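The structure appears right after this line, and notes come after that.
Note on naming: letters A, B, ... go to the chains in the order of the sequence lines (proteins, then strands), and numbering restarts at 1 for each one. Every heavy atom of this structure was used, including side-chain atoms; hydrogens, water molecules and symmetry mates were not. Because the structure is predicted, anything quoted here is derived from the model rather than measured.
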Amino acid sequence: MATFSAEVYQNEFLPDGGSDVHAIVTVTCAGAGEAGHSGAGDAAEIVIVDTSGSMGADKIAAAQRAAEAALDQVLDGVWFAVIAGSHEARLAFPAEHGMVRMDSQARAAAKSAIGTFEPKGGTAMGTWLRLATEVFASVPGLAQKHAILLTDGINQHETAEQLSAAIAGAQGQFQCDCRGVGSDWQVAEVRRIATTLLGSVDLIASADRMAADFEKIMRQSMGRGVAAAFLRVWAPQGAQVLFVRQVSPTVDDLTARRTEVNALTSAYPTGSWGDEARDYHVAVRLAAKAVGQEQLAARVQLAIGPDVVAQGLVKALWSSDDTLTTRIDPAVAHYTGQAELAEAIQEGLAAKASGDTATATTKLGRAVQLAAETGNEEATTRLRKIVEIGDAATGKVQLKRSVDKLDEMALDTASTKTTRVKK
Amino acid sequence: MTCPSCAAEVAEGEQYCEACGAALTATPAAPQPDEPAGDETPLEPAGEHSQLEPTTAEPGPETTCHECGGVVAEDGYCTECGAKARSVRDHFTEQPAPWVAGVCDRGVRHSRNEDALALDARPDPGSRAVLVVCDGVSTSTDSDVASLSAARAARDVLTRSAGAGIGTAAAKVAAATQAFEAAVDAANDAVIASTTPGPGNPASCTFVAGVVDASLLVVGWVGDSRAYWLPATGEPRLLTTDDSFAAEQIAGGMSRADAENGPQAHAITRWLGCDAPDHTPRTVAVDLDAPGWVLVCSDGLWNYCSEAKDLAALVLELDHGSDPLALADALVDWANTQGGVDNITVALARIGAAPVGSSLTGQPEPQMKEGTDDGNVLG
């Protein structure tokens, strides 16, 4: 049985007239068990492989090995299907519309279906998502639905609106981890699918690493014994929740995914959970109270269905003691910097792509500075491939003349990954 | 042990966390096997006075929010407005009889309530009542415990002395004066008993009590907590003279307003506790010959309304129906809206029927018994 705990890191002291409360809430899950075994209902997996013409013989072969490796990780009894995607979506396995439970026979049959993939056609990811939504819906009572989506190209064979509609149709229906292989896909486009569907996005630079990556994703998914959980934020009457964002392991702004539980409580989907810890940054604006007064600024809870399984209390205490009120909590400072780092990288790269060198230099310079300040060495290493660093402390950089597209994409996809605060 | 609220280190037996001010006694804990759970209340004073009868205050933290009326969650905060639930020690009321009531409140600025209140009354309106208020000196660590044990110890002595000195008014006053000395001795012992041994600031508190016996009111005090007589007709009176630096300056000719707002306005010259130079109470007796209010309070109230005539006007404005509890509540709320800089305690006894209309008949002014130079010190 999974157990959850919540810890709050904040400076609860506010100066006279102060109104904004920031806190980092770490939610930890232990004893999650295996997917489909929590008693909430069955688990289901779909592997979606890009079989468009651009994949070519080598990438198709690698994708076939990756899909097979993923299926090897799917636990017996878990429902599954395989979709081959091009300008249209085709259910490659099972033969009949729907899903089957995994066993050795089904696994072998699925692998032989995967073996017939041939690279041809265009790319219309919206059709893939729509078919996956339908296939998942064909099995009643599924508690946990997860897909892996592999692509190598730009979504050329449908309109942006069609893709948006497909993403919207899939939202809340299943989670999707997305992977792009090579340098011909668009990070922003695939990130939009992944974040909306509560999944990760990453670059697979070379085809030979694909199988290991798929295996890891599927193993992780099978270790998520908690099918679905929601982060709930209660704020007092008259207060305003400024934002709610996940800040670890990746930065993901949840604010817009709010649904109302009651007048004072909002819920934000967090998908399924394995044994892991996630950090959330919650900011609430209160009506200031008199010095000496204390009040609760937020109850941050994790809820499974109607049950609250963990709660952290975010407090506000007005004080006239400057030594208390001017302190910034190290966790809040760290993650505020990391969130800004992700934004600076993404905006810097977007400016660079549009030819706005001045903005790109400023933003990426700021990113270098933030990466140094927050001790994010991975980000510094990736930034170093894009810019010449003059002085990290002041953010003085120059854009490199020739940059490998893959390095730029690696920086972009990894921009939301954060380092944990040193405690 | 650690504070359940902020996880700071706290010493065993502390009432409040020094780091965050959270009440350590108010957190739910497994009852001790040798103590019936019903006896365990944060209001129960420590030491030899723990045999006192339960008060009207309910044990445990409040379940209805004092700010908005919402439901208080298990986590100790309101489910609507987020206000922190008060512990009983932070805010409690007593009403031993319909005509006598008091409210003791933490105020706004202080993290804990070091004021205390202890009342006793017989049911018949105007028959007999004891109203005790003590104000813990906030520089010492156990003043909240000390003030409550002191108030209760004194209240019990004063209650037991009821009926002494039957006969002439002078005999009653003499008996009451003696009772006050015994009461303050008991209160002083209680303060010393609740002081943590060792170096540091010893617990200390002020004392004021009013004993109503039919038409006779005897007041005794040590420190700067006060008693007022606010008749519906006639001149409202401040009955006590503060044992304070400010009072000494007033005696020396400074105006009350200047002295009470000066830099050392709150420095008291006499108090209860092991380092008290002298705790003999000064006393005064008053003939309650008109309907009105006996009001006993801490400086948390009179800081905002010191002059008797101003307090009388305020009471007139806030009094609706002569309900002592409602009026005490209203006065405490009023002091909180003025800033609530200190703990606030107000105890009231309603004398005579509720005023009918506002016709001012020529009632005689209250008589001071055995008046001395400053008009109200006995013995």
Side-chain angles (χ1 to χ4, degrees), chain A residues 5-14 16 19 21 23 25 232-241 261-265 282 284-301 307-321 323-325 327 329 423, chain B residues 2-8 16-23 26-27 61-62 65-87 90-91 105-115 138 300 304 333-344:
Chain A
S5 61
E7 279 177 288
V8 178
Y9 302 92
Q10 67 159 144
N11 177 16
E12 66 267 43
F13 292 101
L14 291 177
D16 196 3
S19 59
V21 184
V25 182
R232 282 191 188 179
V233 177
W234 171 95
Q237 190 83 52
Q240 182 193 356
V241 177
V261 176
N262 57 49
L264 302 177
T265 310
V282 175
V284 177
R285 180 163 293 165
L286 303 169
K289 285 193 168 183
V291 165
Q293 295 282 81
E294 176 182 346
Q295 88 156 93
L296 198 60
R299 290 182 174 91
V300 180
Q301 305 167 329
D307 302 323
V308 173
V309 293
Q311 170 171 280
L313 300 180
V314 180
K315 295 171 188 175
L317 226 160
W318 284 267
S319 168
S320 51
D321 185 345
T323 59
L324 296 174
T325 59
R327 201 175 62 88
D329 180 82
K423 282 167 188 161
Chain B
T2 56
C3 170
S5 178
C6 74
Y16 291 87
C17 169
E18 282 299 303
C20 74
T27 52
E62 62 189 3
C65 177
H66 60 279
E67 296 222 341
C68 75
V71 176
V72 171
E74 276 182 28
D75 56 32
Y77 294 87
C78 175
T79 53
E80 294 290 325
C81 74
K84 188 178 188 175
R86 292 183 300 206
S87 75
D90 282 347
H91 178 95
D105 186 84
R106 183 172 63 96
V108 174
R109 294 289 182 108
H110 282 203
S111 64
R112 66 178 184 182
N113 182 13
E114 291 161 343
D115 271 11
S138 56
Y304 300 111
D333 286 350
W334 177 83
N336 274 324
T337 59
Q338 303 304 302
V341 166
D342 206 343
N343 306 142
I344 306 151

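For Arg327(A), there are no salt bridge (Lys or Arg N to Asp or Glu O under 4.0 Å) partners, not counting sequence neighbours. Under the side-chain contact (heavy atoms from CB on, under 4.5 Å) criterion, Ala73(B) pairs with Arg299(A), Asp75(B), Thr79(B), not counting sequence neighbours.
Between Gln311(A) and Glu74(B) the shortest side-chain heavy-atom distance does not fall below 4.5 Å. Proximity of Trp318(A) to Arg109(B): side-chain heavy atoms (C-beta onward) are nowhere separated by under 4.5 Å.
Atom OG of Ser111(B) sits about 11.5 Å away from atom CD of Gln293(A), to the nearest 0.5 Å. Taking CG of Leu317(A) as the start and NZ of Lys84(B) as the end, the distance is 7.5 Å to the nearest 0.5 Å. Atom SG of Cys81(B) sits about 11.0 Å away from atom CG of Leu286(A), to the nearest 0.5 Å.
Heavy-atom minimum distance, Trp234(A) versus Glu80(B): CZ2-O, 3.7 Å.
Judged by distance alone, with hydrogens and angles left aside, the side-chain atoms of Glu294(A) form no donor-acceptor pair with the main-chain N or O of Ala83(B) at under 3.5 Å.
Using a 4.5 Å cut-off between heavy atoms, Cys68(B) does not touch chain A at all.
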